[in-house]
Amino acid sequence: SKKLTDMSLLYTSLLLLLSSLRILSSYFNIINDCDETFNYWEPLHYVLFSQGLQTWEYSPVYAIRSYLYIALHAIPLYPLRYYVSKIALFYLLRLCLAVFSIFVEICFI
């Protein structure tokens, strides 16, 4: 009916708006905080390529952070790590996070 069509149009509009914002943000947003780099991107690079910086929080001496969170982010990138550039992997992960955010936001609206 008319109400169902209006709701469908509303959800479609929200999906398009959220998708546009998230996807553009994944490409154009800068890294705002050094913690994002040293607590997540550097350990992820270490997991994917077995080289790079290992921050003290992740080192076996202190081990105050778990690699589980990093491993979850490595899953979509691991098969591609030798086939695409590291910059492409960076943006691909940001795109995956954007799509996940879109899905979660749509489910809760």
Side-chain angles (χ1 to χ4, degrees):
S1 72
K2 174 109 170 94
K3 186 175 182 176
L4 183 62
T5 305
D6 290 344
M7 289 301 290
S8 176
L9 183 61
L10 175 66
Y11 279 112
T12 303
S13 300
L14 284 173
L15 177 64
L16 289 173
L17 177 65
L18 287 172
S19 299
S20 300
L21 291 174
R22 295 289 176 235
I23 290 169
L24 287 170
S25 177
S26 72
Y27 185 73
F28 289 109
N29 240 5
I30 62 171
I31 295 177
N32 292 314
D33 188 9
C34 63
D35 283 343
E36 184 179 347
T37 300
F38 294 112
N39 290 332
Y40 302 107
W41 290 114
E42 285 293 341
L44 180 61
H45 183 273
Y46 188 76
V47 167
L48 290 174
F49 298 102
S50 301
Q51 64 182 9
L53 296 176
Q54 181 185 45
T55 60
W56 68 271
E57 294 102 331
Y58 290 96
S59 76
V61 175
Y62 300 101
I64 63 171
R65 290 187 188 262
S66 169
Y67 272 102
L68 178 62
Y69 183 74
I70 301 299
L72 291 173
H73 288 78
I75 290 170
L77 304 179
Y78 199 78
L80 302 171
R81 70 188 189 276
Y82 296 121
Y83 301 108
V84 297
S85 73
K86 293 175 183 178
I87 293 172
L89 289 175
F90 172 80
Y91 285 112
L92 180 63
L93 179 58
R94 282 183 139 195
L95 183 62
C96 289
L97 292 172
V99 169
F100 180 74
S101 294
I102 293 164
F103 174 74
V104 169
E105 289 170 338
I106 290 297
C107 287
F108 288 107
I109 291 180

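We use all heavy atoms of the structure for the numbers below, so side chains are in, but hydrogens, waters and symmetry mates are not.
Atom CG of residue L72 and atom OG of residue S66 lie 9.0 Å apart, to the nearest 0.5 angstrom. Atoms OH and CG, on Y11 and L18 in that order, are 11.5 Å from each other to the nearest 0.5 Å. Note that CG of L44 and CZ of F90 are 10.5 Å apart. Values are rounded to the nearest 0.5 Å. Rounding to the nearest 0.5 Å gives a distance of 12.0 Å between SG of C107 and CD1 of I102. The distance from the CG atom of L77 to the CZ atom of F49 is 8.5 Å, given to the nearest 0.5 Å. Rounded to the nearest 0.5 Å, atoms NE2 (H73) and OH (Y67) are 14.5 Å apart.
Pairing each heavy atom of Q51 with each of H45, the nearest pair is O-ND1, 3.0 Å. Across V47 and Y78, no two heavy atoms sit closer than the pair O-CE1, 4.4 Å. Taking every heavy atom of both residues into account, L48 and Y82 meet most closely at O-OH, 4.5 Å. Of all the heavy atoms in Y46 and Q54, the pair that sits closest is CE2-NE2, 3.9 Å. Across P79 and P76, no two heavy atoms sit closer than the pair CD-O, 3.9 Å.
There is no path of hydrophobic side-chain contacts, each under 4.5 Å, that joins F100 to L14. Placement of L89 and V99 in two distinct hydrophobic clusters is found when ILVMFWY residues are connected by side-chain heavy-atom separations under 4.5 Å, directly or transitively. Follow the hydrophobic side-chain contacts under 4.5 Å out from L93 and you reach V84 in the same cluster. A single hydrophobic cluster is not seen to contain both F28 and L16; linkage of ILVMFWY side chains at heavy-atom distances under 4.5 Å, directly or through other members, places them apart. A chain of hydrophobic side-chain contacts below 4.5 Å, direct or via other Ile, Leu, Val, Met, Phe, Trp or Tyr residues, connects L80 to I87.
One N or O on the side chain of Y58 and one on the backbone of N39 form a donor-acceptor pair closer than 3.5 Å. Using a distance-only test at 3.5 Å, with no hydrogens or angles considered, a donor-acceptor pair links the side chain of S59 to the main chain of W56. Remark: the backbone N or O of I23 is paired with a side-chain donor or acceptor of S26 at under 3.5 angstrom.
Side-chain polar atoms of R94 and Y91 form no donor-acceptor pair below 3.5 angstrom.
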